[in-house]
Amino acid sequence: MRTVAVVGASLAGLSAARSLRKQGYDGRLVVIGDEPHRPYDRPPLSKEFLAGTIGAADLTLETDDEDLRAEWLLGVRATGLDSAERAVRLADGRAVRADGIVIATGAAARTLPGSEGLAGVHVLRTLDDALALRDALARGGRLVVIGGGFVGAEVASTAYTLGLDVTVVEAAPTALAGPLGETMGHIVSALHADHGVRLLCGVGVKGLGGEHRVDAVLLEDGRSIPADIVVVGVGARPCVEWLEGSGVALDNGVKCGADGRTSLAGVVAVGDCANWYDPRVGAHRRVEHWTGARERPDAAVAALLAWGAVEPGVPRPPYFWSDQYGVKIQFAGHAAGADSVTIEEGAPDDRNVLAVYRRAGRPVAVLGMNQPRLFTRWRKQLAVATS
């Protein structure tokens, strides 16, 4: 390969570029990113950065002496992939021709219909999102977070430490039940109540009040929650629209094999937009976690450079962490499909537990709350048990 294009300049794209050089690729390397910023770390956006304890310079993912010998095309969006020409089409009219292509375009925050142009309504996905939200929180007031997932919970936790009045609205009967299951989702989401943050579950949002600036969140049960600031945290959609008609198979993102290979030869996908096959469960899963974006590009790059001639391995069980109200939450594996969950250590009321999820007696996931050592031990065991 004489030229490889990496489309996406966040963690997954940077990890792919690093892996290319690490695995011996010495040809032309082009990294394309729609944001104007160099690669930065996203997890702190909802925590330390939002709280103002770190700045943008602390988010950089590149080291001072790092030189990937790459051409960086930043602030320009990919609009299409011409498989016949092996070219990535850009919004500014340029085209980047490449022998190999790494798709790492990530995901974008979902918005609330009808909220466009209404001041005081925020999402949190990018550095610019975080800057705008940080300025808003610094003014104080009443915050309503729509969506009780991990990003929403982290924003609520940060806003609580800043002294705001916080309410979290979750449409599901139990917050975090999707990733953690009902039992542990209830225990983890109880952190809100422990700190005086209101959590309203089992009710959807009908709309927002306010003519030019938001002043309330209108619930489907008729209630109205006063709001000076609203954060919409209802998940993300994979950024793959630009690939329509390219021949790359799409299904909840880019449909990939267990090593990131797509339906087109010489094209792999990594990060939040990639829907990898998981041989453990015999199904495709899109993993939107930092660790996956950091680790999986190694396998995808190996497959790309070998033109698929290497046998794909089994990806490590997905892992993520969250910091809320001073509690470190860690999770590895898949809660879906587990037929039991047992607390192996600690007490739920203390928010200090180690829980193991099993299917037919076999561990498939593990959750830790302020149990880093025991969690790390179980995570290693889980990787062996599910390989």
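FYI, side chains are in, hydrogens and waters are out, and symmetry mates aren't considered; it's all heavy atoms of this structure. Everything numeric here is computed off the predicted structure, so don't read it as measured data.
With respect to the salt-bridge test (charged N to carboxylate O, under 4.0 angstrom), the residues R21 and D26 do not qualify. Here K328 does not pair with E154 in a salt bridge; the nearest charged N to carboxylate O distance is not below 4.0 Å. One finds a salt bridge joining E344 and R358 here, because a Lys/Arg side-chain nitrogen approaches an Asp/Glu carboxylate oxygen to under 4.0 Å. Between D194 and R351 there is a salt bridge, since a side-chain N of the basic residue sits under 4.0 Å from a carboxylate O of the acidic one. Using a cutoff of 4.0 Å between basic side-chain nitrogens and carboxylate oxygens, D272 and R125 are scored as salt-bridged. A salt bridge does not link D259 to R296: none of the charged nitrogens lies less than 4.0 Å from a carboxylate oxygen. Contact check on R142 versus D228 returns a salt bridge, with a Lys/Arg side-chain nitrogen under 4.0 Å from an Asp/Glu carboxylate oxygen.
Contact of the L219 side chain with the L200 side chain is registered, since non-hydrogen atoms from C-beta on lie closer than 4.5 Å. At a threshold of 4.5 Å between non-hydrogen side-chain atoms, the residues V155 and S157 do not count as touching. Taking the side chain as every heavy atom from C-beta outward, V121 and L112 never approach each other to under 4.5 Å. Under the 4.5 Å side-chain criterion, counting only non-hydrogen atoms from C-beta, E35 is in contact with Y40. The closest side-chain heavy-atom distance from I101 to V4 is not below 4.5 Å. Looking at I329 and Q324, their side chains come closer than 4.5 Å, going by heavy atoms from C-beta outward. Side-chain atoms of Q23 and R18, non-hydrogen and from C-beta on, never get closer than 4.5 Å to each other. Between Y25 and L304 the shortest side-chain heavy-atom distance does not fall below 4.5 Å.
The closest donor-acceptor contact from the side chain of D215 to the backbone of G210 lies under 3.5 Å. Of the possible donor and acceptor atoms, none in the side chain of H195 sits under 3.5 Å from a partner among the backbone N and O of Y160.
In this structure, Y319 and F375 have tilted ring planes: the angle between them lies in the 30° to 60° band.
Judged purely by distance below 3.5 Å, without hydrogens or angles, the side chains of R38 and T60 never pair a donor atom with an acceptor atom. In this model, no donor atom of one side chain and acceptor atom of the other lie less than 3.5 Å apart for T53 and E48.
Shown here for G247 and S263, the closest heavy-atom pair between the two residues is O-OG, 2.9 Å. Contact record, V88 with V7: CG2-CG2, 4.0 Å, taken as the closest heavy-atom pair. The two residues P238 and N252 have their closest heavy-atom pair at CG-C, 4.0 Å. When all heavy atoms of G148 and L176 are compared, the closest pair comes out as O-CD2, 3.4 Å. The two residues A70 and V31 make their nearest non-hydrogen contact at CB-CG2, 4.1 Å. Taking both residues in full, the closest heavy atoms of E182 and A177 are given as OE2-CB, 3.9 Å, listed atom of the first, atom of the second, then distance.
To the nearest 0.5 Å, the span separating CG on L367 from CZ on R379 amounts to 13.5 Å. Between the OG atom of S322 and the CD atom of Q330 there is a distance of 10.5 Å, given to the nearest 0.5 Å.
Note: H192 and Y325 meet the aromatic proximity criterion, with ring centroids under 6.0 Å apart. Centroid-to-centroid, the aromatic rings of Y357 and F331 come within less than 6.0 Å.
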Candidate pair S19 and D298, rule side-chain hydrogen bond (donor to acceptor under 3.5 Å, both in side chains), full reasoning: CA-CA 6 Å; S19 189; D298 284 344; 2.9 Å; yes
What's the verdict on side chain to side chain contact (heavy atoms under 4.5 Å, CB included) for R42 and L11, showing C-alpha distance, side-chain angles and the deciding distance? CA-CA 8 Å; R42 294 182 190 271; L11 175 62; over 6 Å; no
What verdict does the side-chain hydrogen bond (donor to acceptor under 3.5 Å, both in side chains) test give for T3 and R97, after you've listed the backbone C-alpha separation in whole Å, the side-chain angles of each residue and the deciding distance to 0.1 Å? CA-CA 8 Å; T3 300; R97 289 177 170 79; over 6 Å; no
CA sep, side-chain torsions, deciding dist, call: T126, D128, side-chain hydrogen bond (donor to acceptor under 3.5 Å, both in side chains): CA-CA 5 Å; T126 68; D128 292 336; 5.2 Å; no
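Hydrophobic cluster membership is shared by M1 and V268, with clusters built from Ile, Leu, Val, Met, Phe, Trp and Tyr side chains linked at under 4.5 angstrom.
Partners of R89 under the side-chain hydrogen bond (donor to acceptor under 3.5 Å, both in side chains) rule, at least two apart in sequence or in another chain, are D82.
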